Number of protein chains: 2
Amino acid sequence: MGSITIKDIAKALNISISTVSRALRDSYDINAQTKQMVVEYAEKMNYRPNPIALSLKENKSRSLGVIVPEIANTFFSQAINGIEEVAYERGYHVVIFQSHESQEREISNIQHLFARKVDGLLISLSGSNKDISHLDEYRKNNFPIVYFDRVPETPDAHKVVVDNFEGAFKATEYLIQKGKKDIALIISPPTLSITQERTAGYKSALEKYNIPVREELIRHCSFQKDEAEQAIKALLEEQEPDAFFMGSDRLALNCYEAFKKWSNRRDIPLVGFTNLGIAHLLEPHLNTIVQPALDIGRKSAEILLDVIENKRRGKGFEKVTLGTELNFRS
Amino acid sequence: MGSITIKDIAKALNISISTVSRALRDSYDINAQTKQMVVEYAEKMNYRPNPIALSLKENKSRSLGVIVPEIANTFFSQAINGIEEVAYERGYHVVIFQSHESQEREISNIQHLFARKVDGLLISLSGSNKDISHLDEYRKNNFPIVYFDRVPETPDAHKVVVDNFEGAFKATEYLIQKGKKDIALIISPPTLSITQERTAGYKSALEKYNIPVREELIRHCSFQKDEAEQAIKALLEEQEPDAFFMGSDRLALNCYEAFKKWSNRRDIPLVGFTNLGIAHLLEPHLNTIVQPALDIGRKSAEILLDVIENKRRGKGFEKVTLGTELNFRS
DNA sequence: TTGTATGCGTTATCAG
DNA sequence: CTGATAACGCATACAA
């Protein structure tokens with residue numbers, strides 16, 4: 001286990017450290033025999049270059065930082081799966097942090113990550129973010145960052161998102177086509193990009209079918225359970241909605257639970273933006289708009305690594321929009 | 001962003017690098033004034049020691065490796081939460097890998113982790129493991145390892161588990177007290193520690209109530225969906241069980257789904273060993289035995305860090321057993 | 001083609 | 001009390 005170094009190899013083979021380094025690096029100017037000897041010996045001794053020494057030398061770590069609000073959330077854990085897949089394939093490893101929806105922790109995570117010299121950052125913004133000024137310093141210095149799912153407004157950023165507008169539009173349209181008119185929307189804090197886009201999709205569908213938008217049917221909730229419950233309860237008591245659209249992943253479950261607690265109406269259809277795998281097992285049924293989390297992760301990592309490795313010189317900022325998958329009961 | 005180094009400070013203050021280092025380290029023999037000057041300047045310039053340089057010097061990385069079968073699993077993501085909490089508190093960061101239930105990937109992860117010079121390893125073994133011979137090398141060298149949830153048999157290891165026997169016993173007893181006698185058990189591969197303990201708990205409960213164990217009611221399944229489905233279907237058709245005990249986390253959901261598909265009997269109670277947060281929302285109801293995942297993670301990390309930091313000299317190997325929480329509908 | 005020297009950021013040892 | 005120097009593992013410019 002006592003890891004072997006190029007120094008050990010050099011000593012054993014009676015050659016200089018640099019020769020060993022060159023042989024292993026396949027550098028120019030190296031005698032074929034010497035090279036073979038070194039490579040074979042290294043193989044035999046199971047030599048592995050010390051990544052820490054490399055990092056120190058090259059001032060990079062071959063690691064990517066990932067910040068998500070919460071790991072224990074199907075969408076994010078699936079996205080992380082995609083990120084890891086691509087990262088490991090390309091020789092990077094992944095350091096995961098959770099912001100727990102707190103901007104403060106997000107900032108602290110970012111500092112940690114930079115102290116650790118990650119080569120790039122993948123981030124889905126916390127729900128309590130006012131802005132991304134805490135990233136300004138890095139953005140100005142062209143530090144590689146890719147935002148996914150919850151992205152900032154600025155066009156000067158790489159982003160991977162789903163077509164939130166379309167997903168919300170389709171969901172609302174589905175409910176309208178079921179004859180519903182008073183469709184409640186429970187949605188994430190207005191600061192988030194997803195909130196705005198999904199709300200717009202919802203309103204646009206209503207407009208298409210000439211249904212007036214009732215602002216009192218729209219409620220913003222952060223991700224605490226009781227908030228969702230309050231919203232649902234108030235809506236049920238005050239507005240008598242004939243359908244519910246839960247516009248955000250974790251919110252969807254909290255809302256579903258609250259609905260089940262406060263209403264036994266089975267004629268009120270429920271639609272949620274969620275990657276929860278078990279929605280189809282629920283009674284009453286929860287129709288879902290599912291995000292291609294794995295692909296989001298993959299694509300984000302690909303862009304980030306391309307940026308890091310300078311494989312997209314001059315290409316400018318990219319925004320990738322993926323489609324959503326609709327699971328509606330016919 | 002261009003991180004400032006101890007060298008920059010020395011130059012700016014016209015003193016030597018070593019003096020700066022000492023001032024910052026609060027080492028012995030240092031003039032109070034000099035120290036103050038350095039500390040203030042470092043503060044002002046937002047100096048952060050380069051962890052990579054430290055790692056190289058000290059030959060450790062202040063990072064912990066974590067290997068779990070799957071992140072996108074409530075139990076494991078909760079456990080990781082606990083691990084991270086303790087790790088960050090004590091100044092370590094966490095590198096997470098997934099074995100995807102493959103021993104091959106587990107081995108590759110371990111190699112990766114060691115190349116990265118993690119200071120210790122937290123691992124929950126993959127379901128396809130034959131043994132832990134791939135860890136022998138590290139175990140022999142006293143490399144700090146803590147196993148959690150899915151642990152090896154050897155007593156020469158730190159382990160954090162739940163009382164699987166008791167949990168399974170209680171679950172079975174609950175079903176017996178509901179008047180059930182032909183209780184089917186669907187359980188993980190026999191190689192896993194959890195499998196053996198839970199099966200023993202199940203059998204012990206039957207014995208206590210003088211119900212003969214019918215081996216044909218016990219089915220082992222790995223974690224693929226169709227396997228669970230086959231098992232449930234076969235049991236329903238061939239054995240007519242009057243209750244189901246699903247003895248493993250991911251299995252539970254697959255089995256539940258299969259049961260719902262192949263049977264509409266609502267008089268057959270279901271109990272599952274699972275941390276799935278939404279069990280109470282399901283119809284038919286899924287009674288659960290919940291593992292204190294967060295605490296398992298916390299405790300594992302604590303032990304590991306104590307081992308790493310030599311805070312438990314001479315204490316020998318520790319096995320911590322935590323209780324399960326029962327969510328049975330009365 | 002190979003070896004020597006240097007530096008990445010830090011701490012520790014040894015002189016002064 | 002402070003400074004110079006070596007060392008951690010590696011890659012590389014320069015010298016031979």
Side-chain angles (χ1 to χ4, degrees), chain A residues 1-39 41-43 45-63 91 111-119, chain B residues 1-39 41-43 45-63 91 112 114-119:
Chain A
M1 211 183 71
S3 349
I4 182 175
T5 73
I6 54 171
K7 203 172 172 181
D8 302 322
I9 300 182
K11 204 180 295 170
L13 264 36
N14 243 320
I15 53 179
S16 81
I17 295 181
S18 32
T19 306
V20 176
S21 173
R22 274 190 291 252
L24 261 17
R25 282 261 118 191
D26 203 12
S27 177
Y28 67 115
D29 276 1
I30 178 82
N31 181 302
Q33 274 185 25
T34 315
K35 183 177 161 185
Q36 199 196 349
M37 177 176 75
V38 172
V39 169
Y41 186 77
E43 184 89 9
M45 300 302 285
N46 197 25
Y47 166 78
R48 295 272 173 276
N50 181 330
I52 296 178
L54 283 173
S55 294
L56 183 60
K57 181 122 198 65
E58 299 171 6
N59 200 29
K60 52 182 195 166
S61 60
R62 289 193 83 79
S63 68
Q111 287 169 348
H112 243 102
L113 244 18
F114 280 97
R116 292 280 168 191
K117 302 260 186 267
V118 290
D119 297 339
Chain B
M1 213 184 67
S3 350
I4 182 174
T5 74
I6 205 173
K7 202 171 171 181
D8 301 323
I9 299 181
K11 203 180 295 173
L13 262 40
N14 243 321
I15 54 179
S16 80
I17 295 180
S18 12
T19 306
V20 177
S21 174
R22 271 191 293 254
L24 260 19
R25 283 265 117 192
D26 203 13
S27 177
Y28 68 116
D29 277 358
I30 178 82
N31 181 303
Q33 275 184 25
T34 317
K35 181 177 161 185
Q36 197 195 350
M37 178 176 73
V38 171
V39 169
Y41 186 77
E43 184 89 10
M45 301 301 285
N46 197 26
Y47 166 78
R48 296 273 172 276
N50 181 331
I52 296 179
L54 285 174
S55 292
L56 181 61
K57 186 122 196 68
E58 299 170 7
N59 198 29
K60 51 182 196 166
S61 60
R62 290 193 82 80
S63 67
H112 243 103
F114 280 97
R116 291 281 168 192
K117 301 253 186 277
V118 292
D119 298 340

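Keep in mind that what you see is a predicted model, and the values were worked out from it rather than measured. Only heavy atoms go into these numbers, but all of them, side chains included; no hydrogens, no water, no symmetry mates. Within every chain, numbering begins at 1; the chains are lettered A, B, ... in the order of the sequence lines, protein sequences first and strands thereafter.
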* Under 4.0 Å between a side-chain N or O of B:Ser18 and OP1 or OP2 of C:dT11? -> no

* Asked: D:dC10 phosphate, OP1 or OP2: any side-chain N/O from A:Ser21 under 4.0 angstrom?
  -> no

Give the table of side-chain donor-acceptor pairs shorter than 3.5 Å for residues 52-60 of chain B, with sequence neighbours excluded, one pair per line with atom names and distance.
unit_1, atom_1, unit_2, atom_2, d
B:Ser55, OG, B:Pro51, O, 2.9
B:Ser55, OG, B:Lys60, O, 3.0

* For the helix from C:dT1-D:dA16 to C:dG16-D:dC1, what angle lies between the axis at the first five pairs and the axis at the last five pairs, to 10 degrees? -> 60°

* **side chain to side chain donor-acceptor pair (under 3.5 Å) partners for A:Ser63, two or more places apart** => A:Ser61

* Structure fact -> Residue pairs passing the side chain to side chain donor-acceptor pair (under 3.5 Å) test with at least one member in residues 9-19 of chain B, sequence neighbours excluded, are B:Ser16-B:Ser18, B:Ser16-B:Thr19

* D:dG9 OP1/OP2 closer than 4.0 Å to side-chain N/O of A:Tyr47 -> no

* Candidate nucleotides C:dT11, D:dT2, C:dT2, ranked by approach to the side chain of B:Ile6 - the nearest -> C:dT11

Give me, pair by pair, the N or O atoms of the protein and of nucleotides 14-16 of chain C that are less than 3.5 Å apart, along with how far apart they are.
none

* **D:dT2 OP1/OP2 closer than 4.0 Å to side-chain N/O of B:Thr19** => no

* Structure fact -> Per the under-4.0 Å heavy-atom filter, residues of residues 53-62 of chain A near DNA chain D come out as A:Ala53, A:Leu54, A:Lys57

* May I ask you to verify if any side-chain N or O of B:Lys7 is less than 4.0 angstrom from the OP1 or OP2 atom of C:dC8? => yes

